[in-house]
Every structure is written in structure tokens, then in C-alpha cells.
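Below is one structure, written out as C-alpha cells; comments come after it.
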Amino acid sequence: QLQLVESGGGLVQPGGSLRLSCTASGFGMESYAIGWFRQAPGKEREWVACISDRGGRRTRFADSVKGRFTISRDNVKNTVYLQMNSLKPEDTAAYYCARDWHTIPGLCEFLQERYEFWGQGTQVTVSS
């Protein structure tokens with residue numbers, strides 16, 4: 001069964017850090033760009049970051065997280081990570097990962113329509 005599973009969420013104080021993991025089963029991740037998205041209560045799901053296939057040389061970030069979040073991948077572990085630093089209350093959301101079904105080698109895209117096999121999400125709460 002093809003699926004992605006997110007983990008690593010939790011409760012953290014403002015200014016703190018968390019590392020989210022997105023682990024694939026049923027397929028090899030290295031051939032796909034992977035995106036991270038988030039959805040806060042009452043808001044639409046929004047794109048956060050993405051990483052290109054293979055060595056992940058191309059990464060992109062939403063303006064709201066640029067400079068605070070990084071994304072990386074370990075193809076041996078079939079996992080993509082989202083390192084979140086300097087967290088703010090407005091980062092509170094359920095975070096999801098998904099794969100780009102039409103990956104263009106060396107690139108990653110922010111359009112949600114390109115993504116499939118969404119995980120169940122992991123909750124991140126930033127609060128004092």
C-alpha cells in the first residue's frame with residue numbers, strides 16, 4: 001500500500017523548534033518531489049515547502065516560513081524532513097506531506113493539484 005506518514009508534531013513554545021518527518025511506504029521516495037503543506041483551523045490548506053527528487057538540490061519555501069524552516073531528504077530512510085525553527089503561534093496547524101505525481105526532475109512545485117497520497121497529518125501547536 002502506497003502511503004506517506006507524518007510524525008514529529010507536538011506542543012512547543014514560541015521561538016522553539018520541531019523536526020517533522022514524512023516517511024513513505026510502498027514506493028521509493030527518491031524519484032519524487034515532496035511537498036509539505038499545513039492547515040490551520042478555519043483556514044484553507046497552504047503550501048509550506050518542497051524539495052526536488054533525487055538529491056533534493058532544489059528547495060522552495062513559502063514567504064511566511066523562509067529563513068526559519070529547512071527541508072531535507074534521506075532516500076535511504078525513505079524520509080523527508082521539515083526542520084522548523086523560531087516557531088511562531090501562527091505556525092500552529094496540522095502539517096501534511098504529499099508527493100508530486102508528475103515530478104519534473106530537479107524541480108519542485110507549490111501547486112497543491114500536483115500532489116497525491118496525502119498523509120494523515122501531524123499537529124503542531126505553538127503556544128506559551
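Across Leu107, Thr103, Ile34, Ile104, a single residue satisfies side-chain contact (heavy atoms from CB on, under 4.5 Å) together with Asp53, and that is Thr103.
To the nearest 0.5 Å, the span separating NZ on Lys77 from CG on Asn75 amounts to 12.0 Å. To the nearest 0.5 Å, atoms NE2 (His102) and OH (Tyr32) are separated by 11.5 Å. Remark: Ser52 OG to Arg57 CZ distance equals 9.0 Å, nearest 0.5 Å. Going from atom CZ of Arg58 over to atom SG of Cys108 covers 6.0 Å, rounded to the nearest 0.5 Å. Atom OG of Ser127 is separated from atom CG of Asp91 by 12.5 Å, given to the nearest 0.5 angstrom.
Note on Glu30 versus Arg73: no salt bridge recorded, every NZ/NE/NH1/NH2 to OD/OE distance being 4.0 Å or above.
Figure legend: Arg99 and Phe117 shown without cation-pi pairing, the cationic atom not lying both under 6.0 angstrom from the six-membered ring centre and within 45 degrees of its axis.
Between the side chain of Thr125 and the backbone N or O of Thr92, no donor-acceptor pair lies under 3.5 Å. Side chain of Gln120 to main chain of Glu6: a donor-acceptor pair is present (N/O by atom type, distance under 3.5 Å, no hydrogens or angles). Side chain of Gln112 to main chain of Arg45: a donor-acceptor pair is present (N/O by atom type, distance under 3.5 Å, no hydrogens or angles).
When hydrophobic clusters are built by joining Ile, Leu, Val, Met, Phe, Trp and Tyr residues whose side-chain heavy atoms come closer than 4.5 Å, directly or via intermediates, Leu87 is grouped together with Val48. Ile71 and Phe69 end up in the same hydrophobic cluster when Ile, Leu, Val, Met, Phe, Trp and Tyr side chains are linked at under 4.5 Å.
Here Trp47 and Tyr115 keep their ring centres 6.0 angstrom or further from each other.
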For this session: Begin from the C-alpha positions of Thr23 and Thr79 and carry the test side-chain hydrogen bond (donor to acceptor under 3.5 Å, both in side chains) through to its verdict.
Result: CA-CA 4 Å; Thr23 301; Thr79 299; 3.0 Å; yes
